[in-house]
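Basis for what follows: all heavy atoms, side chains included, without hydrogens, waters or symmetry-related copies. Bear in mind that the values here come from a model prediction, so they are computed numbers and not experimental data.
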Amino acid sequence: MSINPEELFSIRGNKTVITGGTAGIGLGVAKHFIAAGAEVIITGRRESGTDIAAAIGATFVAMDVANAESLSAGLAQAAEHLGGSIDTLILNAGTDLDAGSYENLDLDAYKALFDINVFAVAQGIRDGVPYMQAGGSVIVTSSPSGELASPMLSAYSASKAAVNMIVKTAAIQLGPKNIRVNAVLPGIVESEMSATTPGREEMLQRLTLNGILRKAEEMGGTFHFLASMASAPLTGGTVDSDDGIRAGISMDVATRVFS
């Protein structure tokens, strides 16, 4: 069997839809995919979405993932822009809305967070897969918090844990169609969300194994791999792209605790 690595890793011409693509990781991944030759639709709620898309060579489709009708219509419109089919569906839209601790839980905020982080992912798969063919790839942006509980992010952690199980069960159900479903677990990435996180620099030292704050574009390579045929055997996976957060405690924490 002859292997052509360039073709194996190529996403040139890949018809890609990225929800939550006007900022943060979604925008960074969109820039990477466009540079690699993919045809990209980004979605979001921003009024400036059309200008953001035009600046990077993408197409914008207005979508509110918390609204079921908007999500369904947006995916249909995105597929139409791409000639009726989607090769890679990146369900990236998410929020870290604070619902408080379980002692004073804000149930409305908890539900709102699950609407965006969980139900929109489930619906995105349901409504996006009909536009996909065998060999298609669904990629969900999850978080290390979904597998490593965080007491300060109880609702967020619960939502990402649910997402990780959606990925696994969807991969099983879509396996016969040869449509793969995987999740990427980014670490601490420069974004509007992380910019407002209190104690970000100390968190970098304590959580990551190298203290590096990643640019959003640096996440593009992991998503690129999952969209390419190089990752063809990989489905139902949660792919760490977190600078070692889930590997274990950092040297900074170990030194503080054990010295």
Side-chain angles (χ1 to χ4, degrees), residues 1-21 25-26 29-30 32-43 57-59 61 63 65 68 71-94 118-142 162-185 219-241:
M1 179 180 176
S2 177
I3 296 175
N4 184 329
E6 189 172 337
E7 289 182 5
L8 194 63
F9 285 91
S10 175
I11 58 169
R12 185 165 297 281
N14 189 290
K15 297 178 179 182
T16 304
V17 176
I18 305 174
T19 68
I25 291 173
V29 171
H32 176 107
F33 271 51
I34 290 164
E39 186 177 356
V40 178
I41 306 286
I42 61 173
T43 80
T59 299
V61 169
M63 179 193 292
V65 299
L71 175 51
S72 183
L75 287 172
Q77 187 179 345
E80 185 179 353
H81 277 299
L82 295 171
S85 64
I86 299 171
D87 297 321
T88 300
L89 175 60
I90 299 177
L91 299 172
N92 168 78
V118 180
F119 301 131
V121 169
Q123 185 191 345
I125 296 172
R126 184 195 71 177
D127 293 353
V129 164
Y131 302 109
M132 305 180 78
Q133 306 296 323
S137 177
V138 178
I139 309 170
V140 181
T141 303
S142 186
V163 162
N164 292 346
M165 192 53 68
I166 288 172
V167 164
K168 293 179 186 300
T169 53
I172 294 169
Q173 293 171 359
L174 296 173
K177 296 180 181 292
N178 193 22
I179 294 175
R180 300 180 295 115
V181 188
N182 293 288
V184 175
L185 279 56
M219 294 295 105
T222 305
F223 287 83
H224 179 145
F225 170 65
L226 291 174
S228 75
M229 290 312 297
S231 63
L234 179 53
T235 189
T238 51
V239 182
D240 293 339
S241 193

M165 backbone acceptor or donor facing T169 side chain under 3.5 Å: yes

Pairwise distance CD1(I139) to CZ(F225) - rounded to 0.5 angstrom: 10.5 Å

From CD1 (I25) to OG (S241), nearest 0.5 Å: 8.5 Å

Counterpart residues, side chain to side chain donor-acceptor pair (under 3.5 Å), relative to T235 (two or more places apart): none

Derivation and outcome, side-chain contact (heavy atoms from CB on, under 4.5 Å), residues I42 and T59: CA-CA 6 Å; I42 61 173; T59 299; over 6 Å; no

Test side chain to side chain contact (heavy atoms under 4.5 Å, CB included) applied to S85 - qualifying residues, sequence neighbours left out: K15

Contacts of type side chain to side chain donor-acceptor pair (under 3.5 Å), residue S10, not counting sequence neighbours: none

Short side-chain donor-acceptor distance under 3.5 Å, T19 and N92: no

Close side-chain approach of I125 and I166, heavy atoms under 4.5 Å: yes

Working for side-chain contact (heavy atoms from CB on, under 4.5 Å), residues L82 and V17: CA-CA 9 Å; L82 295 171; V17 176; 3.7 Å; yes

Residues V121, V118; criterion side-chain contact (heavy atoms from CB on, under 4.5 Å); working and verdict: CA-CA 5 Å; V121 169; V118 180; over 6 Å; no

Contacts of T16 that satisfy side chain to side chain contact (heavy atoms under 4.5 Å, CB included) - sequence neighbours left out: N14, I18, F33, A38, V40, T88, I90

Set of side chain to side chain contact (heavy atoms under 4.5 Å, CB included) partners for I172, sequence neighbours left out: none

Donor-acceptor pair, side chain of T43 and main chain of V61, under 3.5 angstrom: no

Donor-acceptor contact present, side-chain H224 to main-chain F9, <3.5 Å: yes

Closest non-hydrogen atom pair between L71 and M63, with its separation: CD1-SD, 3.4 Å

Reported CZ-to-CG distance for the pair R126 and L75, which is rounded to 0.5 angstrom: 10.0 Å

Results of side chain to side chain donor-acceptor pair (under 3.5 Å) for T238 - residues two or more places apart only: E147

Heavy-atom check, side chain of V239 versus side chain of T222, under 4.5 Å: yes

Side-chain touch Y131/L89, heavy atoms, less than 4.5 angstrom: no

Under 3.5 Å, side-chain donor or acceptor atoms of residues 173-184 against the rest of the protein: list the pairs with distances, not counting sequence neighbours.
| residue | atom | partner | partner atom | Å |
| --- | --- | --- | --- | --- |
| R180 | NH1 | S231 | O | 2.9 |
| R180 | NH1 | S231 | OG | 3.0 |
| R180 | NH1 | L234 | O | 3.1 |
| R180 | NH2 | L226 | O | 2.8 |
| R180 | NH2 | S228 | O | 3.4 |
| R180 | NH2 | S231 | OG | 3.2 |
| N182 | OD1 | G236 | N | 3.3 |
| N182 | OD1 | G237 | N | 2.9 |
| N182 | ND2 | L234 | O | 2.8 |

From CG (L185) to CG (N164), nearest 0.5 Å: 5.5 Å

Sequence-distant partners of Q123, side chain to side chain donor-acceptor pair (under 3.5 Å), two or more places apart: D127

